[in-house]
Trainee: 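For reference, the structure I am asking about is given below.
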Amino acid sequence: MTDQASRKLYERHKDFFESVYMVVREIPEGRVTSYGAIASYLGAKRSARMVGWAMNASYKSPGVPAHRVVNREGLLSGKHHFADADQMENLLKREGVEVRNDRVVDFKLKFWDPSRELEVY
DNA sequence: TGTTTGACTGGGA
DNA sequence: CTCCCAGCCAAAC
C-alpha cells in the first residue's frame, strides 16, 4: 500500500463518525435512510455496523436526527437507545412518518438515499 | 491479550 | 417466511 493510500485510509477512519453525522444532518424532515446507505455513501459499504456505533455516540453531537436512521427493512432497530422506548417512533410520527409494529410504513417512498441526493465531494 | 458483542447487510439454504 | 454465515471493527470485559 502506498503512503498516500494509507494516509487516506487513516483520515477516513479518523473522521468516520463525524462524516456519518454530516450525512445524517442532511436527512430531510419526514424522510429516513438506512445504516448501510450511509456507509455506502461514505465508501465503506460493508461497515454499516460502524454507522450504528456512530449513532450510539451521536447524543454527544448536537443536531443529529438519529431517529431518521433505520435498518434496511425500515425497522426501528435503534429504538431502545433513545430516552424512552417510544421516543424514536414519536419523533418520526411527529414529522409525518407513519410507524406500525416498529416499522416505517411506505419505507420505499420515505427512503432518502444519500448516494442519490448528495453531491459526491 | 483474547473473546464477545452489537442501532448492519447481502447472499444463500 | 425463517435461519445461518461472512465480513465488518469499536468497545467492553
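Side chains are part of it too, since the values below use all heavy atoms of this structure and drop only hydrogens, waters and symmetry mates. Sequence lines set the chain letters: A, B, ... in the order given, protein chains first and strands last, and positions in each chain run from 1.
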Trainee: Provide, to the nearest angstrom, the distance between the CG atom belonging to A/D15 and the C1' atom belonging to C/dC9.
Mentor: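 Computing the A/D15:CG to C/dC9:C1' distance gives 17 Å.
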Trainee: Listing request: all salt bridge (charged side-chain N to carboxylate O under 4.0 Å, His left out) pairs with a residue in residues 21-48 of chain A, at least two apart in sequence or in separate chains.
Mentor: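 For residues 21-48 of chain A: A/E18-A/R25.
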Trainee: Distance between the P atoms of B/dA7 and C/dC13, in whole angstroms?
Mentor: 14 Å
Trainee: Using the test ring-ring contact (aromatic ring centres under 6.0 Å, His included), find all partners of A/F107 that sit at least two apart in sequence or belong to another chain.
Mentor: A/F111
Trainee: Might you point out which heavy atoms bring A/F17 and A/M50 nearest each other, and give the distance in Å?
Mentor: CE1-O, 4.0 Å
Trainee: Using the P atom in both, what is the distance from B/dT5 to C/dC4, to the nearest Å?
Mentor: 15 Å
Trainee: Provide, to the nearest angstrom, the distance between the CG atom belonging to A/L42 and the P atom belonging to C/dC8.
Mentor: 17 Å
Trainee: For the P atoms, the ones on C/dC8 and on B/dT1, what distance do you get once it is rounded to whole angstrom?
Mentor: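 Nearest-Å result for C/dC8 against B/dT1 at atom P: 23 Å.
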Trainee: Name each donor-acceptor pair under 3.5 Å that joins a side chain in residues 61-85 of chain A to protein atoms two or more places apart or in another chain, with its distance.
Mentor:
unit_1: A/H67; atom_1: NE2; unit_2: A/E95; atom_2: OE1; d: 3.2
unit_1: A/R68; atom_1: NE; unit_2: A/E95; atom_2: OE2; d: 2.7
unit_1: A/R68; atom_1: NH1; unit_2: A/I27; atom_2: O; d: 2.9
unit_1: A/R68; atom_1: NH2; unit_2: A/E95; atom_2: OE1; d: 3.1
unit_1: A/N71; atom_1: OD1; unit_2: A/E73; atom_2: N; d: 2.9
unit_1: A/N71; atom_1: OD1; unit_2: A/G74; atom_2: N; d: 3.2
unit_1: A/N71; atom_1: OD1; unit_2: A/L75; atom_2: N; d: 3.0
unit_1: A/K79; atom_1: NZ; unit_2: A/D102; atom_2: OD1; d: 2.9
unit_1: A/H81; atom_1: ND1; unit_2: A/N56; atom_2: OD1; d: 3.3

Trainee: Holding to side-chain hydrogen bond (donor to acceptor under 3.5 Å, both in side chains), I want the full list of residues that pass it with A/N90, two or more places apart in sequence or in another chain.
Mentor: none
Trainee: What pairs with A/E117 under salt bridge (Lys or Arg N to Asp or Glu O under 4.0 Å), at least two apart in sequence or on another chain?
Mentor: none
Trainee: Each nucleotide in nucleotides 6-13 of chain B should get exactly one letter: B, S or -. Can you fill that in based on protein heavy atoms under 4.0 Å?
Mentor: BBBSB---
